Amino acid sequence: MTLQLSNTLTRSVEEFRPLEPGKVSIYCCGVTVYDLCHLGHARSYINWDVLRRYLIWSGYAVTFVQNYTDIDDKILGRAAEEGTSMEAVSERNIEAFVADMARLNILPADRMPRATQSLGAIRALIQVLEAKGAAYLADGDVYFAVMKHAGYGKLSGRDLAEQHDNASGRVASEEEARKQHPFDFALWKGAKPGEPSFESPWGPGRPGWHIECSAMVREELGDTIDIHLGGADLVFPHHENEIAQSEAATGKELAHYWLHNGMVNVGGEKMSKSLGNFTTIRALLDSGVSPMTLRLFVLQAHYRKPLDFTAEALEAAATGWKGLNAALGLASPAAPGTTGASTEGASITPALVAGDPSDLPKELAEARARFVAAMDDDLNTSAALAVLFELAKPLRGLANRLERGDAAAAVEATSAALRGQGALLLELAGVLGLKQEALAGAPPQEAQGGLSDAAIDALVEERRAAKASRDFARADQIRADLKAQGIELVDKPGGVTEWLR
RNA sequence: GGCGGCAUGGCCAAGUGGUAAGGCAGAGGAUUGCAAAUCCUUUACCCCCAGUUCGAAUCUGGGUGCCGCCUCCA
């Protein structure tokens, strides 16, 4: 089987066939950089990161372009609030975006154009639309005429005539009054007094929201690309308008495959700024949730379905990740049993380069095939993860025994079969962007008045003595006291007690 | 109102015609003075009704509930 993707444009699942054999061009709608990213963004970009990794792993040469919208009313609003400039707000949030994505192990896009740096392409595209009669000028604004474009509404399944009736009673703002059709949208907005503006044939102003993506796609990737990505909330009007602009200008199909991810919900409702129910990526990660826990949480659901964000579900993911992480740690090239040295997960290689699957033992080949079948089925990461968990199971137990100093486990860990299983686990986890993490959480507490090693050792010794005299009440008391301070005692064979902070 | 999507065990979530993956939580057992970890075992008539079929969670029709988009939004 080959990769099947559900295409919003055709409302069906289709076999993926690239325009050019072996190559894939992808454009992903990025963020408007007026604020920090929240979990909705995290989900979206984690999903698309997995798509990208899977394509690369499958042997495709992938070109991935993602934009920054750095011209926008909200950015202007922030700048006004702060008494700074649009550039300052954008710059700060772009930096934050890069940092947040890196923490989530999301591969940086090959190119990340910004609206402010794409003005030439934007103006050129608007001029083409004007020349073709698809755009009209009204009071310093330039609008796209949706009625002139046959096929408007094909992505979102909207019927212009019907929508016209429904919209006829809607608010007639100043801007609405200028439009020939309520769905007409601004390609260029004339500057209002005091606003930052850019020069154009239509006077000073700035581009409308949708045009930048059309311009960037064309400039970076060409008239027609393989895959266009974004959140489900962008289907209308953003992507619909993008299609209309691009296709009116070029006469060619903008993208063959349109993929949309489902929303992150809180209490059954979409996470959004306006509802105030959002959690930023960094707030969550800084609260002690590990990046890979978040990744696992996201990947346990299918990317198109809504994903409910709850503390319980996240906790379940955290526990699940703990086990996977332990197995990954054992499988990593770094010496088994060590807590540090996270693997370099930022790179991914095509499977054929990494190793010939036909060399795998039958059982592992079968596991790998199940993983591939799951991913080919419209990126069924949930089913793919099941394969990882199964591969991880024996390694996980072993890792735990190793950590506790089990000598027999150390011998088992060197077995060829387990090492092969570990290598496959590591490879497949990499496709999902999951990489081993150093023990998460546990901020160094000794600095803030925690017990010193010597004090702990003394208590451990006291407990040993208590046990020897069968004073279990006292022994348990010491265990409980230490646990309250985040120190875990582990009794090992031979009366030896180790502790973990 | 228009368009689209979803309803599977305590929770999350796969499965799209042949009697239900996986994760978390729970239960029982082994082990342990206790605990942790580990190992074994174990927990579902798939929202309701009707239909098609030898056979349906899976197809068809109807119903109920929930969500998204139609304004900025990943």
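The sequence lines fix the lettering, A, B, ..., with proteins before strands; numbering per chain opens at 1. Bear in mind that the values here come from a model prediction, so they are computed numbers and not experimental data. Only heavy atoms go into these numbers, but all of them, side chains included; no hydrogens, no water, no symmetry mates.
- Annotation: B:rC12 and B:rG51 have their P atoms spaced 32 Å apart (nearest Å).
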*In B/S/- notation, 5' to 3', how is nucleotides 20-34 of chain B contacted by protein heavy atoms closer than 4.0 Å?*
-BSSSS-------BB
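- One finds no salt bridge joining A:K74 and A:E81 here, because no Lys/Arg side-chain nitrogen approaches an Asp/Glu carboxylate oxygen to under 4.0 Å.
- Of all heavy-atom pairs between A:I243 and A:H149, the closest is O-NE2, 4.5 Å.
- Checked against B:rA13, B:rG2, B:rC67, the side chain of A:R158 finds its nearest nucleotide in B:rG2.
- Taking the C1' atoms as reference points, B:rG17 lies 6 Å from B:rA56, given to the whole Å.
- Comparing B:rG28 with B:rA35, their P atoms sit 13 Å apart, to the nearest whole Å.
- At B:rG68, none of the side-chain N or O atoms of A:K305 fall inside 4.0 Å of OP1 or OP2 (strictly under the cut-off).
- The nucleotide B:rG65 finds its pairing partner in B:rC6, both defining distances of the Watson-Crick or G-U wobble pair being shorter than 3.5 Å.
- A:D35 places its CG atom 11 Å from the P atom of B:rA74, with the value rounded to the nearest Å.
- Using a 4.0 Å cut-off between charged nitrogen and carboxylate oxygen, A:R52 and A:D110 count as a salt-bridge pair.
- A:F16 and A:Y257 have tilted rings, their planes meeting at an angle from 30° to 60° on a 0 to 90° scale.
- Pairing of B:rC45, defined by two Watson-Crick or G-U wobble distances under 3.5 Å, is not identified with any nucleotide.
- Between A:H38 and A:H41, the ring planes lie tilted relative to each other; the angle falls in the 30° to 60° range.
- Listed nucleotides: B:rC72, B:rC70, B:rA74. Nearest to the side chain of A:K74: B:rC72.
- Here B:rA14 presents its C1' atom at 14 Å from CG of A:L388, a figure rounded to the nearest Å.
- Base pairing analysis places B:rA56 opposite nothing; no Watson-Crick or G-U wobble pair with both distances below 3.5 Å involves it.
- OP1 or OP2 of B:rG15 sits under 4.0 Å from a side-chain N or O of A:N380.
- To the nearest whole angstrom, the two C1' atoms, one in B:rU8 and one in B:rC3, are 27 Å apart.
- Within 4.0 Å (heavy atoms only), A:G397 reaches sugar-phosphate atoms of the nucleic acid but no base atom.
- Atom pair A:L307:CG and B:rC12:C1' shows a separation of 9 Å (rounding to whole Å applied).
- Under the Watson-Crick and G-U wobble criteria, each requiring two contacts below 3.5 Å, nucleotide B:rU38 is paired to B:rA30.
- Ring geometry for A:F236 against A:Y152 counts as perpendicular: the plane angle is over 60°, on a 0 to 90° scale with 30° as the lower cut.
- Atom name P, nucleotides B:rA36 and B:rA25: the rounded distance is 12 Å, in whole Å.
- Between the NE2 atom of A:H302 and the C1' atom of B:rG5 there is a distance of 12 Å, given to the nearest Å.
- If you measure from atom CG of A:L314 to atom C1' of B:rC12, you get 11 Å, rounded to the nearest angstrom.
- Atom C1' of B:rU52 sits at a distance of 15 Å from the matching atom of B:rG62, rounded to the whole Å.
- Rounded to an integer number of Å, the gap from CE of A:M101 to P of B:rA74 is 11 Å.
- Nucleotide B:rA20 forms a pair with no other nucleotide shown, judged by Watson-Crick or G-U wobble geometry with both contacts under 3.5 Å.
- Figure legend: A:K273 and A:F278 shown as a cation-pi pair, the cationic atom lying under 6.0 angstrom from the six-membered ring centre and within 45 degrees of its axis.
- We find that NE2 of A:H239 is positioned 19 Å from P of B:rG4, with the value rounded to whole Å.
- The gap from the C1' atom of B:rA7 to that of B:rU16 amounts to 15 Å, rounded to the nearest Å.
- No engagement by A:G153 is indicated, since no non-hydrogen atom pair under 4.0 Å with the nucleic acid exists.
- Rounded to an integer number of Å, the gap from CG of A:L160 to C1' of B:rG2 is 13 Å.
- A:E212 and A:S118 are not linked by any side-chain donor-acceptor pair at a separation below 3.5 angstrom, with hydrogens and angles left out of the test.
- Taking the charged nitrogens against the carboxylate oxygens, A:R479 and A:E488 have no contact shorter than 4.0 Å, which rules out a salt bridge.
- Taking atom C1' in both B:rA74 and B:rC49, one finds a spacing of 39 Å when rounded to whole Å.
- Residue contacts shown for A:F297 are absent, as no nucleic acid heavy atom lies under 4.0 Å away.
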